[in-house]
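Notes follow the structure.
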Amino acid sequence: MKIIVIKNSTPIGELSESASVIYFNYFDGIEQNSYIQGLKEKVNTSSYLFPVFENLLPEHEQLQLIKARYNIKGNIESLLHLDNIHGSFEFYTEENFKNYIVSPDKIFSYKDAREEILEQNYSFPNILSDYTVAIADAKIYPKGLQGSKAIGISGFQYKFSVSLDKDTKVISHNEDEDGGYIMKPYSKDNLIYSDDANAYIPHLLVNEHIFMTLARDFGFNVPYNGIIKYKEDYLYVIKRFDRYHKSKIDHHEILTLLGKKSSLKYSITALEAMKKAAEYLSEDEILEMFNFFVFSIIISHGDFHAKNISLIYKTNALAERNMMLAPYYDISTIRIYKDTNDDDIGMMVKNKKRNIKKVDLLWLADKLNINKADAAKSIENLGLKFVQEFENYIDLLPREIKALKIVTNRYGYSKPFEEILRKYYTNRIQYIDKYLDIGVEEVEEDIWK
């Protein structure tokens, strides 16, 4: 099996697999300063798929579904069947490549184009009630994913590329087009209460819209996103941040920069992730990244792992090597779900993922050469801002979302989403008071009482 790899609209090399060995060879004429992240030699070999490609693939049942659909036995062929590849990579069989026409992208500065790309000035809640979903149910709920993790917490979510036409108010999908948005469907199975751990995660996409917007309003760059009611629950749509008009730009998860496979995403510590990022970032960006870790702990973003934060190239030039913080994505809280783990973050801070104290965060800041006073100020400001503002987001939700039911036990007893969110809020206030040393009123701890 041989696959031609395109990067930044340039045929750059050939990926092949033979006798359990994977090869990547650069084409003649490709300069070393244009080599792909982690593939430093003219000829590269590995016993497993190179992380820069492996981390493009969906995980778990989603990947198995692709392999079953196309009868794939090897490790590289799945790359040919992705419809939401991030960055500028394209993959072609030798036969299909014969029809490829090289058309160089227009070079742009990401920082200069970021505001236009992200379109962050949407109103909350951004409910796309005037849009029509013109997508077949077979695409939204593909056979083979029901009852799986693939429509579970954010890292496992099924997603695909869509187009959002703001003139006709239609959301559509075309297998042959590279849409400018990503859709995440809700899981029908996750709306059914189960005693199995991690099985009941209702209204996850409303959750994600709330906390993506909260992150935006805390000063972090996130793309335009919204939700749309579809049958029993809400679909989620988010704008791609790696597209600018017809041009594409690459970004790498921290996991890829560390040269690690997807299966290791929860094993990376916050210090490892930030030290790797610091090799590319300015002091201000390092402090921003630290602030995002603090924010994630405050909201209990328990699925924040090393694939859920990325660096993006400063331009889309093939030889570009300088990177900056990419916009943030996949932000939600697991704290409102009874059967998920109670980690406050997916990456360890000083050997723990929960009950992280202010002193632990100051230790992390010190390891990254962040001024202690600046770090302490960030912790306090972020904590107080959450305490002062989060209830406003609950208040802004329409009645139909506030009234969404969350079952709390096997007997079918339920509470409205609004009540769960308000108890979540008081729970996080107690965490902020107890562990971050920010004086707030004492409140009830267990949101399920």
Other residues, nucleotides, ligands: >12 heavy atoms within 6.0 Å of Lys260 NZ: no
Salt bridge (Lys or Arg N to Asp or Glu O under 4.0 Å) against Lys275, all qualifying residues, sequence neighbours excluded: none
Distance (rounded to the nearest 0.5 Å) between Asn55 CG and Phe53 CZ: 11.5 Å
Spacing of OG belonging to Ser16 relative to CD1 belonging to Ile76, to within rounding of 0.5 Å: 6.0 Å
Lys67 versus Ser78, side-chain donor and acceptor atoms under 3.5 Å: no
salt_bridge(Arg354, Asp344) N-O dist < 4.0 Å: no
Residue pair Tyr122, Thr213: steps toward the side-chain hydrogen bond (donor to acceptor under 3.5 Å, both in side chains) verdict: CA-CA 9 Å; Tyr122 62 87; Thr213 306; 2.8 Å; yes
Face-on cation placement of Arg114 at Tyr110 ring, 6.0 Å and 45° thresholds: no
Enclosure of Lys229 NZ (heavy-atom neighbours >12, cutoff 6.0 Å): yes
Non-hydrogen side-chain atoms of Thr10 and Val102 separated by less than 4.5 Å: no
Geometric cation-pi criterion Lys184 and Tyr158, 6.0 Å radius, 45° cone: no
For the student: nearest non-hydrogen atoms of Pro51 and Gly259, plus distance: CG-O, 3.5 Å
Stepwise side-chain contact (heavy atoms from CB on, under 4.5 Å) test for Tyr435 and Val359: CA-CA 9 Å; Tyr435 292 99; Val359 66; over 6 Å; no
Polar contact flag, side-chain donor to acceptor under 3.5 angstrom, Asp217-Tyr393: yes
Atom pair CG/CZ of Leu404 and Phe417 - distance to nearest 0.5 Å: 7.0 Å
Separation of Asp130 CG from Lys166 NZ (nearest 0.5 Å): 11.5 Å
Contacts of type ring-ring contact (aromatic ring centres under 6.0 Å, His included), residue Tyr23, not counting sequence neighbours: none
With Lys314 via side chain to side chain donor-acceptor pair (under 3.5 Å) - residues at least two apart: none
Residue pair Glu116 / His245, side-chain donor-acceptor N/O under 3.5 Å: yes
Minimum heavy-atom distance Lys307-Ser262, with the two atoms named: NZ-OG, 3.1 Å
Test log, rule ring pair (Phe, Tyr, Trp, His ring centres under 6.0 Å), inputs Tyr313 and Tyr280: CA-CA 10 Å; Tyr313 287 98; Tyr280 302 90; 8.3 Å; no
Point-to-point distance, once rounded to the nearest 0.5 Å, from CD1 of Ile210 to CG of Asn225: 11.0 Å
pair Lys106-Tyr244: side-chain heavy atoms closer than 4.5 Å: no
Distance-only donor-acceptor check, side chains Asn126 and His209, under 3.5 Å: no
Side-chain donor-acceptor pair present, Glu31, Ser34, cut-off under 3.5 Å: no
Within 45° cone of Tyr48 ring axis and under 6.0 Å: Lys261 NZ or CZ: yes
Flag side-chain contact, heavy atom, 4.5 Å: Ile298 against Phe295: no
Atom pair CG/CD1 of Asn369 and Ile286 - distance to nearest 0.5 Å: 8.0 Å
Pair Asp137 + Lys143: basic N to acidic O under 4.0 Å: no
Non-hydrogen side-chain atoms of Met1 and Lys73 separated by less than 4.5 Å: no
Side chains of Glu232 and Tyr186, donor plus acceptor under 3.5 Å: yes
